[in-house]
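Okay, so here's the structure we're looking at.
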Amino acid sequence: MNPASATRAADVLRELDRDRYLATLVLPAEQRDAITALYAFGTEIAGVRERARDPAAGEIRLQWWTDALEGNGHGAVRANPLADALLAAIETYALPVAPLLRLIEARRFDLYQDAMPDVLTFEGYAGDTASALYQLAAMVLNGGRPIEQGDAAGHLGVAHAMIGHLRAFGYNASQGRIFLPWAVLAANDVREADVFAGKATIELTAALEQVGDIAGEHLVKAEAAIRAVPRQLRAVFAPVVVLRRQLWRADLDWPFRRQEDIADWRKIAALTWWRMRNG
């Protein structure tokens, strides 16, 4: 991999997704650049909505990445350092492109104002985004070969996405978006108008606690599945320890306030300790 492209991928990840960047620090050095490129790509695609002036502009950016992955890119695709790092990782480890194309397709949902309808839809969305990255990262540690224990990536990805959106609930609401399953909120008599007005209610707290319980269940299942993964492949699942702490600290009584996070040095310590104990 081109060192300059690898450095750019790491810079993008460090700037836009601090937690995933910190998680790469406990990965084996030989595979770190490839996994960082995968994570930086995921972060780039996740951020398209924030950078696009409207859905049409976002669609164009997502199509550029689709064309790049399918080999239909116009111009010098490899001149883009992040694309170069990603394509190098794919080539080195013979990674399948289909999961990355599904990730892009799933992120089209982000461009519009539709609410996430239900838990099943959210789990599918998380599976195509967060879970896919865990699965591909584990493949990199496995020399490009698939791993049998897909449940670890599946459950951890859903928990990762759900906890992230719990913590970002207030910000998303301020942008007119509800990413958490609306069916859960509706079942608790949450009013959309209250959410968009930033009004904390007991109904909303009850709904968010229910979502937190679902995330916790996925964490438990992920932890069990991770134990079945060969030790040499477990490092990619180290974020489970940070996610557990973030879920515990989430202030669901005041979801519109900025959520308190864990200091970087504590995250690094927790990730390192988990890696030492689990592989």
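Position 1 is the first residue of the sequence, and the numbers go up from there.
Side-chain contact between Val236 and Leu27 is present, with heavy atoms from C-beta onward closer than 4.5 Å. Inter-residue side-chain proximity for Phe122 and Val184 is flagged as unmet; no heavy-atom pair is nearer than 4.5 Å. Between His165 and Asn172 the shortest side-chain heavy-atom distance falls below 4.5 Å. Residues Leu95 and Leu38 form a side-chain contact, since some pair of their non-hydrogen atoms from C-beta on lies under 4.5 Å apart. Residues Arg245 and Val241 are in side-chain contact: their nearest non-hydrogen atoms beyond the backbone lie under 4.5 Å apart. Arg102 places none of its side-chain heavy atoms less than 4.5 Å from the side chain of Thr129.
Here the straight-line distance linking atom CG of Leu156 with atom CG of Leu243 works out to 6.0 Å at 0.5 Å rounding. Atom-to-atom distance recorded for Gln63:CD and Glu70:CD is 7.5 Å, nearest 0.5 angstrom. One distance of note links CG of Asp17 with OG1 of Thr43; it measures 4.0 Å at 0.5 Å rounding. Expressed to the nearest 0.5 Å, how far CG of Asp19 lies from CD of Gln246 amounts to 5.0 Å. To the nearest 0.5 Å, the span separating OG on Ser174 from CZ on Phe169 amounts to 10.5 Å. Separation of atoms CG (Leu141) and CZ (Arg32) is listed at 11.0 Å; rounding is to 0.5 Å.
The nearest pair of heavy atoms linking Ala106 to Tyr125 is O-CE1, 3.6 Å. The minimum heavy-atom distance linking Arg78 with Leu87 is given by the pair CD-CD1, 3.4 Å.
Counting only N and O atoms by type, the side chains of Thr121 and Asp118 include a donor and acceptor under 3.5 Å apart. Using modelled atom types and a 3.5 Å distance limit, the side chains of His155 and Glu223 yield no donor-acceptor pair. For Asn188 and Gln210, the side-chain atoms include at least one donor-acceptor pair closer than 3.5 Å.
No path of Ile, Leu, Val, Met, Phe, Trp and Tyr side chains, each step under 4.5 Å between heavy atoms, connects Tyr171 with Val190, placing them in separate hydrophobic clusters. Connection of Trp254 to Ile163 is not established within any shared hydrophobic cluster, with ILVMFWY side chains joined at heavy-atom distances below 4.5 Å, either directly or through further cluster members. In the hydrophobic clustering of this structure, Ile35 groups with Ile268; members are Ile, Leu, Val, Met, Phe, Trp, Tyr whose side-chain heavy atoms approach within less than 4.5 Å, directly or through other members. A continuous path of Ile, Leu, Val, Met, Phe, Trp and Tyr side chains, each step under 4.5 Å between heavy atoms, connects Leu204 with Val119, placing both in one hydrophobic cluster. Hydrophobic cluster membership is shared by Leu25 and Leu133, with clusters built from Ile, Leu, Val, Met, Phe, Trp and Tyr side chains linked at under 4.5 angstrom.
The pair Arg107-Glu44 fails the salt-bridge criterion, with no side-chain N (NZ, NE, NH1 or NH2) lying under 4.0 Å from an Asp/Glu carboxylate O.
Heavy atoms of other residues, nucleotides or ligands lying less than 6.0 angstrom from CZ of Arg266 number 12 at most. Few gaps surround CZ on Arg275; more than 12 heavy atoms of other groups in view lie less than 6.0 Å from it.
When ring centroids are compared, Phe237 and Trp274 stay outside the 6.0 Å threshold.
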Output, in order, the C-alpha distance, side-chain angles, deciding distance and verdict of side chain to side chain contact (heavy atoms under 4.5 Å, CB included) for Glu217 and Met162. CA-CA 11 Å; Glu217 291 169 4; Met162 198 165 279; over 6 Å; no
Residue pair Val48, Trp64: steps toward the side chain to side chain contact (heavy atoms under 4.5 Å, CB included) verdict: CA-CA 12 Å; Val48 165; Trp64 187 92; over 6 Å; no
Can you list the steps and then say if Arg191 with Glu203 is a side chain to side chain contact (heavy atoms under 4.5 Å, CB included)? CA-CA 9 Å; Arg191 297 173 63 244; Glu203 291 84 4; over 6 Å; no
Go through the steps to decide whether Tyr21 and Leu16 satisfy the test side chain to side chain contact (heavy atoms under 4.5 Å, CB included), and finish with yes or no. CA-CA 9 Å; Tyr21 171 75; Leu16 300 179; over 6 Å; no
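Checking Leu86, Asp128, Ile45 one by one against Leu100, the side-chain contact (heavy atoms from CB on, under 4.5 Å) holds for a single residue, Leu86.
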